[in-house]
Each structure stands twice: as C-alpha cells, then as structure tokens.
2 protein chains.
Amino acid sequence: MEKTQLELEQVAHTLKLLGDKTRLTILGLVKDGECCVCEFVEVLQMSQPSVSQHLRKLRDAGFVKERKSGQWVFYSLNAGHEAFDLIQEVLQQIPDQKEKLSALEKAGLRIQCDS
Amino acid sequence: MEKTQLELEQVAHTLKLLGDKTRLTILGLVKDGECCVCEFVEVLQMSQPSVSQHLRKLRDAGFVKERKSGQWVFYSLNAGHEAFDLIQEVLQQIPDQKEKLSALEKAGLRIQCDS
DNA sequence: CCATTATATAAGTACATGCTTATATACGCA
DNA sequence: TGCGTATATAAGCATGTACTTATATAATGG
C-alpha cells in the first residue's frame, strides 16, 4: 500500500475541514468504530441540527460513510478516501475521544440509541 | 524526542491555519530552508499585502520565525513549536514547493533579493 | 536628507462559516 | 393511520476570513 501524493489543494481542503473542534471530535469518535448521531449530540453537547450540519460536511467530503439502521444513522471513517492516511495521521495526534462516550455512560447519562 | 500529545483544540487551531492553499504553500517553501518575503510574492503570484497578512498569521501562531537582514525579512519553520511534528507530517503529504522557485529562476524571472 | 525598495499595517468589502429556530422526512409502533 | 423519535434540511443572522487599496515603517544608497 503506497501512499500516493495528494494535490496541495486537496490537502488544504482536507485540513480546512479537519480544522474545527467539533468535526475533529466527531472523527476522533469514529476512529475505532461507528457512532450513532445521537451519540455525537450527547458527547458534543450541541444542538442536533448543528451536529447534523457538521456530519454533512464530513460526508460530502467523503471522510465518513453512513449506515442507516432503523431510525438511526451510524457514521464511520471511510477508509477508501484518498486522504485517509492524512486523516489518520492527524487523528493520531489528538487525545482519545472514546473516553468521553464511556464517561457519559458511567455518569448514568446513557445514550438512547441501542447501537 | 518523544511526541507529546497535543490538546484537541490546539490541533484544530493548527489545522485551521494549515487549511489554506496560500499558507500551505508558504510552509512548503520554507520546509527545507528560509525564504524571503519577495520570493513568496513571486511564487504565489499574489499582492504583497495579502502575502504579508498570511505570514503574520503563521508568525502569530509561532509556526514560522523571522530573521531580518537589511531590508529583507526571511522566514523559516520554527522547529521549537509544540505542533512542529504535526506540521511536518502534513508538509510531507504535499508536493514539493521548492520546484516552483527554481522554475521561476529558470524562466529568467529572477528573484530580486540576494538571499 | 531624499528617493527607492521591502515589508507591515489599516480600513473597507465580499463572501464563507457556524450557529439558531423552524420545519421536513423517514422510520417504528400502537 | 396517526404519533413519537431520529435525523436532515432550510432560512436567517452574527461573526470570521481573505482579499483589495491606501498608507506607514524601515533600511539602503545617492
């Protein structure tokens, strides 16, 4: 698996999308597995539409893919993306985000969706 | 030299600054050595004030340092920055920018400043 | 000193971004 | 079919961003 060089503009576009606290947290959350939208809302403590709009940007860019199951939508990293390596390099640099989920769970604030 | 984990907010802030074509090119140019402002202007084909404003952002963030010599100002990567490793990882992903400088020189459009 | 050159800053403006509230869509279930 | 829940979209607004033009600062050389 060779790394193919990305165009400068593509790297800039990628970093621009990653350069946001909310989106970076979302990607950190799905780094090791898919997450449901309601989990993002819970962890991020943000309004559902706001989260949804960030997810759209990540989805439009192809950084994440969605899987619909019942009334829930699960998001995960898209390993097939051209900039996947770059994204992973970046995610390696941030503190673990999954802890936030387990912390919430421990605090009794259980996530509603049964993922 | 261990890599110390960066705060998520710091990574986001860093990527936001890197997520711009002009600034990414500037950093690509100084990756292996200092460059003079007039070189950036020449390569980027942008107005001098615009370039200067991008340089200020990079300088304010501490990504680059400046060295004044006569009437010229030379910029270089600041290897002491907390996010230096992240920045280098990113710069590794973009095409070589120095070629643009040598290309200009070959084309006879010599840079004025004698660096 | 004065003119020239290199660079920085300031002010104005067009456009992008990220929220908000309101509403639409879509699914599951009684 | 109709209600509740999960998610997406739309519209509006405040703020941020990246240019522009004009001007300030600083160094150099006559």
Side-chain angles (χ1 to χ4, degrees), chain A residues 8-9 12-27 29-30 34-61 63-76 109-115, chain B residues 8-9 12-27 29-30 34-61 63-76 101 104 109-115:
Chain A
L8 186 130
E9 285 200 40
H13 177 243
T14 301
L15 297 179
K16 187 174 193 173
L17 277 170
L18 296 184
D20 173 273
K21 194 185 166 186
T22 301
R23 289 191 291 271
L24 203 50
T25 306
I26 289 175
L27 292 174
L29 283 166
V30 298
E34 60 182 12
C35 287
C36 172
V37 176
C38 58
E39 293 180 295
F40 298 131
V41 173
E42 198 70 31
V43 170
L44 296 165
Q45 292 285 104
M46 288 177 67
S47 75
Q48 175 270 318
S50 190
V51 170
S52 202
Q53 280 154 14
H54 282 291
L55 284 168
R56 178 142 86 122
K57 292 198 173 188
L58 294 172
R59 182 163 29 90
D60 285 352
F63 295 171
V64 297
K65 25 180 207 188
E66 64 173 29
R67 178 179 69 84
K68 298 187 181 180
S69 169
Q71 55 192 144
W72 297 287
V73 181
F74 295 90
Y75 283 90
S76 57
L109 302 160
R110 271 260 303 114
I111 310 296
Q112 305 89 316
C113 81
D114 31 30
S115 53
Chain B
L8 185 129
E9 285 199 44
H13 177 243
T14 300
L15 297 178
K16 186 173 194 171
L17 277 170
L18 296 184
D20 173 273
K21 195 186 167 188
T22 301
R23 288 191 291 270
L24 204 50
T25 306
I26 289 175
L27 291 175
L29 283 166
V30 297
E34 61 182 13
C35 285
C36 171
V37 176
C38 58
E39 293 179 297
F40 297 132
V41 172
E42 197 70 31
V43 169
L44 295 165
Q45 290 287 103
M46 290 177 66
S47 75
Q48 176 269 318
S50 191
V51 169
S52 202
Q53 281 154 15
H54 282 292
L55 285 169
R56 177 141 87 121
K57 292 200 173 190
L58 294 173
R59 182 163 28 91
D60 285 352
F63 295 170
V64 297
K65 25 180 206 189
E66 65 175 27
R67 178 178 69 86
K68 297 188 181 180
S69 170
Q71 56 191 148
W72 298 288
V73 181
F74 295 89
Y75 284 89
S76 57
L101 267 180
L104 265 180
L109 302 160
R110 270 260 303 116
I111 310 296
Q112 306 88 315
C113 81
D114 32 29
S115 54

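Given the structure is predicted, the values throughout are model-derived calculations rather than measurements. Residue numbering restarts at 1 for every chain, and letters A, B, ... go by the order of the sequence lines.
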Could you tell me the separation between the [atom1] atom of [X] and the [atom2] atom of [N], rounded to a whole number of Å?
{"X": "A:Arg67", "N": "C:dA26", "atom1": "CZ", "atom2": "P", "result": "19 Å"}
{"X": "A:Tyr75", "N": "D:dA6", "atom1": "OH", "atom2": "P", "result": "15 Å"}
{"X": "A:Phe74", "N": "D:dA8", "atom1": "CZ", "atom2": "P", "result": "12 Å"}
{"X": "B:Gln71", "N": "D:dA24", "atom1": "CD", "atom2": "C1'", "result": "16 Å"}
{"X": "B:Gln53", "N": "C:dA8", "atom1": "CD", "atom2": "P", "result": "11 Å"}
{"X": "A:Phe40", "N": "D:dA6", "atom1": "CZ", "atom2": "C1'", "result": "14 Å"}
{"X": "B:Arg56", "N": "C:dA6", "atom1": "CZ", "atom2": "C1'", "result": "17 Å"}
{"X": "A:Arg23", "N": "C:dC19", "atom1": "CZ", "atom2": "P", "result": "8 Å"}

* Asked: Are the side chain of B:Ser69 and the backbone N or O of B:Trp72 linked by a donor-acceptor pair below 3.5 Å?
  ->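 No; judged by distance alone, with no hydrogens or angles, the pair does not exist.
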
* Which comes earlier along DNA chain C counting from the 5' end, the contact point of A:Thr22 or that of A:Pro49, where each point is its nearest nucleotide? ->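 The residue mapped nearer the 5' terminus is A:Thr22.
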
* Considering non-hydrogen atoms only, spot the tightest contact between A:Met46 and A:Val41 and give its length. =>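 The pair with the smallest heavy-atom distance is O-CG1, 3.4 Å.
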
* Asked: Of the non-hydrogen atoms in B:Ala61 and B:Leu17, which two are nearest, and what is the gap between them?
  ->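 For B:Ala61 and B:Leu17, the tightest heavy-atom pair comes out as CB-CD1, 3.4 Å.
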
* To do: For residues A:Phe40 and A:Thr22, determine if any side-chain heavy atom of one lies less than 4.5 Å from a side-chain heavy atom of the other.
  =>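 They are not in contact (no side-chain heavy atoms under 4.5 Å apart), so the answer is no.
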
* To do: Can you check whether any acceptor in the base of D:dA8 is under 3.5 Å from a donor in the side chain of A:Gln48, or vice versa?
  =>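 Looking at the base of D:dA8, it does pair with a donor or acceptor on the side chain of A:Gln48 (distance under 3.5 Å).
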
* To do: Hey, could you give me the CG/NZ distance between B:Asp20 and B:Lys57, rounded to the nearest 0.5 Å?
  =>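 Reported to 0.5 Å precision, the distance equals 8.0 Å.
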
* Does B:His54 make a side-chain N or O approach to OP1 or OP2 of D:dT17 shorter than 4.0 Å? ->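 No.
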
* To do: Give one of base, sugar-phosphate or nothing for A:Lys57, where a contact means two heavy atoms less than 4.0 Å apart.
  =>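 The residue A:Lys57 makes sugar-phosphate contact but no base contact.
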
* Hey, does A:Lys16 reach any base, or is it just sugar-phosphate, or nothing, if we go heavy atoms under 4.0 Å? ->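 If one applies the 4.0 Å heavy-atom cut-off, A:Lys16 turns out to touch the sugar-phosphate alone, with no base involved.
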
* Return the 5'-most residue of the pair B:Ser50, A:Val37 with respect to DNA chain D, ranking by each residue's nearest nucleotide. =>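 Between the two, 5'-proximity favours A:Val37.
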
